[in-house]
Amino acid sequence: GGVAAAPPLSRQTGPVRRGGAEVIGRPVTRPFCQVHELLEWRPGGDPFNVAHVPLRCRVRGNQSRPLTLVCHDFKGGYVGDHDLNPQGSDQPLSFRLPHWHLIDIFCYFSHRLVTVPPPCWVNAAHRNGVPVLGTVITEWEDGTRVCAEVFSSELSWRRFADALVEVAAYYGFDGWLINIENPLSPHLVHHVQGFLRYLSRRIKLRVQEARRGRLAQLRDGTGTGTGTDRLASAWPPAESGDERAYVIWYDSVTTDGHLAWQNALNVSNRAFFDACDGIFLNYTWTNLLLARSAVEAGERRHDVFVGVDCFGRGCPGGGGFESRVALAHARSRDLSVAIFAPGWVYEHFEERPAEFGRNSDRFWRLLAPLCSFGVTPRGAGASATPVAAGALCGLPFCTNFDLGVGLEVFRGGRPAGRGRWSDLSCTSALPTCCWGTEQLSYCVPGSG
């Protein structure tokens with residue numbers, strides 16, 4: 001089921017309700033909940049919700065490999081005193097992702113029509129070389145009405161797609177998950193496929209252009225970013241990760257317009273897969289369906305993202321700390337995975353928040369062997385030493401190991417204030433994590 005509707009994305013600062021009281025003037029990240037809100041939106045006037053960190057490059061291998069997408073669905077998204085506040089909070093941070101090196105794509109999810117990722121998540125992900133997707137979702141009877149409006153004509157869906165492209169370019173993220181979970185009239189299916197092809201092509205061109213603009217601003221000193229971000233802007237454009245922009249389709253509607261989750265890539269949804277960059281499979285698959293999906297995808301098998309629900313709904317292993325069971329099935333077929341709602345590691349133990357760090361490390365430590373890959377850097381000889389696929393490239397590399405939370409504020413190395421704070425935008429470029437049997441240690445990317 002869905003969650004309560006939220007107000008439209010505002011280009012103004014406004015009141016935020018906290019503990020029954022309103023705090024005036026704090027910027028808030030909000031989604032678009034109506035089609036007309038998106039179509040009437042224009043870039044500008046919302047600087048606090050813009051992510052300014054450019055997507056850092058990662059080591060690129062000579063060969064394709066299966067990917068790991070993480071779909072963030074923490075308490076329905078837009079959580080107050082967390083990612084709802086793009087400029088941080090004086091409240092303790094609840095859920096965070098310190099293991100970016102194991103993630104290839106991050107998707108911010110909610111049940112609103114158009115989910116714009118909060119800038120703090122985009123900044124943290126980009127600083128660690130991970131592209132970020134927003135979500136477009138239609139559901140139930142209201143979704144049927146929205147689809148009838150958006151896909152009624154080529155002119156209509158092009159306007160909708162162009163608006164999505166400009167939203168991503170302005171707010172600084174890298175693509176969209178498209179999730180239509182309501183039946184479609186048969187005559188609309190062709191328009192949806194055209195929409196996917198057009199959006200996939202346009203998003204890559206426009207996002208690349210926006211990235212180049214942000215890099216140029218960092219280089220000439222007019223952009224917003226840390227000293228590390230400005231150092232990163234000195235890398236050659238070819239090494240900026242510009243090609244990583246995605247439109248991914250969720251396995252829901254079939255090509256005859258029926259709402260029928262296939263839990264596989266097959267003839268009933270292949271046309272949508274062919275029109276975009278990948279498909280996110282529903283969660284109730286079987287080994288046989290995965291085998292058939294791999295055959296159906298052929299050389300594009302790494303564009304098939306097998307859904308793994310961390311709450312265990314329909315997945316082998318039952319989710320939680322046993323999510324690795326489902327991941328292992330997907331990897332045995334050389335398929336990519338989409339890990340849905342890893343916030344389980346906080347929500348399931350919410351009455352014991354102090355244990356989050358330990359539980360998070362345990363969760364990702366169990367998944368690490370299935371998400372870690374050694375790659376031979378592109379252009380290197382066959383005898384070159386493989387490096388971690390999640391390793392950042394480009395020099396200089398520097399970090400202060402900031403996880404976006406703290407108990408004290410320092411300026412120039414000197415204490416400047418005490419008290420809890422949280423701001424994911426402060427997350428550093430984090431080294432790849434090397435887990436031993438007894439302790440967690442860090443190694444500089446590419447060093448071994």
Side-chain angles (χ1 to χ4, degrees), residues 58-59 65-74 93-107 121 124-125 127-130 283 305-312 315-332 334-375 386-392 399-405 424 427-448:
R58 279 184 166 184
V59 173
R65 62 174 177 85
L67 302 176
T68 299
L69 181 152
V70 164
C71 192
H72 173 284
D73 181 31
F74 183 67
L93 189 66
S94 48
F95 176 66
R96 58 188 182 275
L97 281 172
H99 307 295
W100 288 106
H101 67 291
L102 299 176
I103 301 168
D104 297 293
I105 304 170
F106 177 83
C107 176
W121 278 107
R127 201 170 278 126
N128 286 277
V130 177
Y283 312 103
F305 294 83
V306 178
V308 176
D309 187 346
C310 294
F311 282 85
C315 278
F321 292 124
E322 295 302 316
S323 295
R324 58 180 172 171
V325 175
L327 259 73
H329 286 296
R331 296 305 199 211
S332 72
D334 198 26
L335 299 172
S336 294
V337 294
I339 301 173
F340 184 78
W344 172 90
V345 77
Y346 183 94
E347 293 185 60
H348 187 70
F349 303 97
E350 191 164 12
E351 294 181 358
R352 305 193 299 275
E355 298 178 9
F356 169 70
R358 182 167 64 251
N359 290 330
S360 179
D361 279 344
R362 178 186 173 193
F363 179 83
W364 287 102
R365 183 190 307 223
L366 291 168
L367 297 187
L370 298 162
C371 299
S372 304
F373 296 89
V375 297
V387 298
L392 300 172
T399 180
N400 62 1
F401 303 95
D402 195 331
L403 297 177
V405 295
L424 286 176
T427 302
S428 296
L430 299 175
T432 52
C433 294
C434 304
W435 280 285
T437 19
E438 299 297 332
Q439 63 183 3
L440 176 66
S441 61
Y442 291 91
C443 59
V444 176
S447 67

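It should be emphasised that the depicted structure is a prediction, and the values quoted were computed from it without experimental measurement.
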task = Kindly state each residue pair satisfying side chain to side chain donor-acceptor pair (under 3.5 Å) with at least one member in residues 318-331, sequence neighbours excluded.
result =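 Listed by first then second residue: T68-R331, N287-H329.
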Contact check, side chains of [X] and [Y], non-hydrogen atoms, under 4.5 Å:
| X | Y | result |
| --- | --- | --- |
| H99 | F363 | no |
| L367 | L102 | no |
| V337 | P66 | no |
| L424 | L97 | no |
| N359 | Y346 | no |
| S336 | L69 | no |

Rounded to the nearest 0.5 Å, what's the gap from [atom1] on [X] to [atom2] on [Y]? Could you check?
| X | Y | atom1 | atom2 | value |
| --- | --- | --- | --- | --- |
| C315 | D309 | SG | CG | 5.5 Å |
| C71 | F305 | SG | CZ | 11.5 Å |
| L335 | L327 | CG | CG | 11.0 Å |
| I339 | D73 | CD1 | CG | 14.0 Å |

Within the distance-only criterion (no hydrogens, no angle test), does the side chain of [X] pair as donor or acceptor with the backbone N or O of [Y] below 3.5 angstrom?
| X | Y | result |
| --- | --- | --- |
| R58 | N128 | yes |
| R362 | F321 | no |
| T399 | F401 | yes |

Closest contact, heavy atoms only, [X] versus [Y]:
| X | Y | value |
| --- | --- | --- |
| Y283 | V308 | CD2-N, 3.7 Å |
| P342 | V70 | CG-CG1, 3.6 Å |
| A429 | L392 | CB-CD1, 3.7 Å |

Pairs flagged by salt bridge (charged side-chain N to carboxylate O under 4.0 Å, His left out) wherever residues 334-346 is involved - sequence neighbours left out =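 Salt bridge (charged side-chain N to carboxylate O under 4.0 Å, His left out) check on residues 334-346 returns R301-D334.
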message = So, using side chain to side chain donor-acceptor pair (under 3.5 Å) as the criterion, who are the partners of D104 when residues are at least two apart?
response =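 For D104 the side chain to side chain donor-acceptor pair (under 3.5 Å) partners, ignoring immediate neighbours, are R65.
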inquiry  = Classify the ring geometry of W100 against W121: parallel below 30°, tilted from 30° to 60°, perpendicular beyond 60°.
reply    =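 Judged by the thresholds at 30° and 60°, the geometry between W100 and W121 is perpendicular.
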request  = Give the ring-plane orientation class for W344 versus F349, where under 30° counts as parallel, over 60° as perpendicular and anything between as tilted.
outcome  =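 Rings of W344 and F349: perpendicular, as their planes differ by over 60°.
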